[in-house]
Amino acid sequence: MKRSRRRITTGIPVEKEHKRIFDLVKSQGVQATCFFNNKGGVGKTTLVANLAAELALNFHAKVLVVDCDPQCNLTQYVLGDEEALEIYSRTDPLSVYSVIRPLSLGKGYGKELPIQKAESFGFDLIIGDPRLALQEDLLAQDWRDAKAGGMRGLRTTYVFADVVGKAKDLNYDFVFFDMGPSLGAINRSILLAMDFFVVPMAIDIFSIWAIKNIGTTVGVWQKELRTGISLSEDPSEIPSIDQSRHLKFLGYVTQQHKERGGSEPDIGSKDGINRKRIVQAYKDISEGFPTQITTNLGSFYDSKRINPHLGDIRHLGSLAPKSQSQHEPMISVRGTGSYTQLRKQAREIYRGIAVRYLENLLGSQGSLT
Ligand SMILES: Nc1ncnc2c1ncn2[C@@H]1O[C@H](COP(=O)(O)OP(=O)(O)O)[C@@H](O)[C@H]1O
Ligand SMILES: [Mg+2]
């Protein structure tokens, strides 16, 4: 993935205090975080790639990103076009599919992780694979077995926990999982293997429903898995079964997806009245988020220790597609004119989220001093 063009600087130097927080987090070992919302198009993939890049390029963190969305949007974003074509033209590209495949053949976990470098983003990557969708059935069947205490089922359910364990051995500081929007079997295995989940969301009514769904569903899964483990013959046979591991909610990021600028609505016209209602609804939903979060996800975090709002990502206009076509994170998109201002905003936004993310990691472990 060599690029001959000189890279522009990634901007803002890291403040001493932020470096201190980062060093504290780093000293606690690998942190596995997934970014999930069962609504699509809310900016999950963009957030995973750009937050990981901010941590890797500016904080010099060792980050592994796993693309678990069969649509492979993150992989496409991060890899150059030629490289993606070359990799996916092979009959059996090494990808996240290669991680699950040995299990479906009854061979247990694979030995090595298929890791590649995403140079311009500064992190390592396990690329996505459309064939991952073919594994939903295996994971769903094995989940039934896991709930009843079957060792094969538990082993499959813990496949991503095994990935995190291997990443720990490789001294990664962070492992991020990007996911598709379903509440299906693959995402269940991911969520159950994580230390933390972050919910990226648009400010709309669907996000309120998504928060409700996530809270209820994950709670049920955790209970079923605990039952399965208690029924199993010998859970110690699977090292990734760490009974002390509890999935925690680390926070949410709001995305202002559409540009909502423009003039004040003309309240004299029908269109103006409708627009005013929509603007009011947006305001109500946005103000209601903190309550919705506490009500639906309160059992997954300690509200006395962390403030779950990690930040707000404004609409960055043409910087987002430019970043995709250049295969560069937003903080290092090449361009002048309006891009200079947008890139500056992106640098401030992702730095802010990175710092809040690190603070919440410490806060949720009770060691922020
Ligand atoms: N801050 C932003 N400003 C402008 N466009 C954005 C921003 N964040 C994401 N987008 C665009 O929105 C679309 C959906 O984002 P994506 O990250 O793929 O969402 P998801 O992974 O939740 O489906 C993408 O085309 C992306 O480029
Ligand atoms: Mg996505």
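Order of appearance sets the numbers: ligands from 1, and atoms from 1 within every ligand.
Here the two rings, on H327 and Y77, have centers that are 6.0 Å apart or farther. Taking the six-membered ring for Trp and the full ring otherwise, F249 and Y301 have centroids separated by under 6.0 Å. Residues F176 and F123 keep their aromatic ring centres 6.0 Å or farther apart.
Here's the thing with L47: none of its N/O atoms is less than 3.5 angstrom from an N/O atom of ligand 1. Here's the thing with T45: one of its N/O atoms is less than 3.5 angstrom from an N/O atom of ligand 1.
Every side chain to side chain donor-acceptor pair (under 3.5 Å) that T156 has, sequence neighbours left out, goes to D142.
Checked by atom type, the side-chain pair N73/T45 shows no donor-acceptor distance below 3.5 Å.
Aromatic ring orientation, Y357 versus F174: tilted (interplanar angle from 30° to 60°).
Under a 4.0 Å criterion applied to the non-hydrogen atoms of Q324, ligand 1 contributes the atoms 24 (C), 25 (O), 26 (C), 27 (O). The atoms of ligand 1 that sit less than 4.0 Å from any heavy atom of G43 are 15 (O), 16 (P), 17 (O), 19 (O), 20 (P), 22 (O). Residue V42 has at least one heavy-atom neighbour below 4.0 Å for each of these atoms of ligand 1: 19 (O), 20 (P), 22 (O). Of all atoms in ligand 1, listed by their number and element, those nearer than 4.0 Å to a heavy atom of A320 are 4 (C), 5 (N), 6 (C), 27 (O).
Taking distances strictly below 2.8 Å, the protein N/O/S atoms close to the Mg ion (ligand 2) are T45 OG1.
A salt bridge is defined here as a Lys NZ or Arg NE, NH1 or NH2 lying under 4.0 Å from an Asp or Glu carboxylate O, and R356 with E359 meets this definition.
Residues L170 and I126 share a single hydrophobic cluster, defined by chaining ILVMFWY side chains whose heavy atoms lie under 4.5 Å apart.
Ligand 1 does not have K39 within reach: every non-hydrogen atom of the residue lies 4.0 Å or more from it.
Applying the ring-ring contact (aromatic ring centres under 6.0 Å, His included) definition to pairs two or more places apart or across chains, those involving residues 45-67 are F22-F59.
When the options R314, M330, H315, Q71 are ranked by their closest heavy atom to atom 1 (N) of ligand 1, first place goes to R314.
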Atom pairs and distances, donor-acceptor, side-chain atoms in residues 209-221, under 3.5 Å, two or more places apart:
unit_1	atom_1	unit_2	atom_2	d
T216	OG1	K212	O	2.8
T217	OG1	N213	O	2.5

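When non-hydrogen atoms are compared, ligand 1 lies under 4.0 Å from the side chain of I313 (C-beta onward) but not from its backbone.
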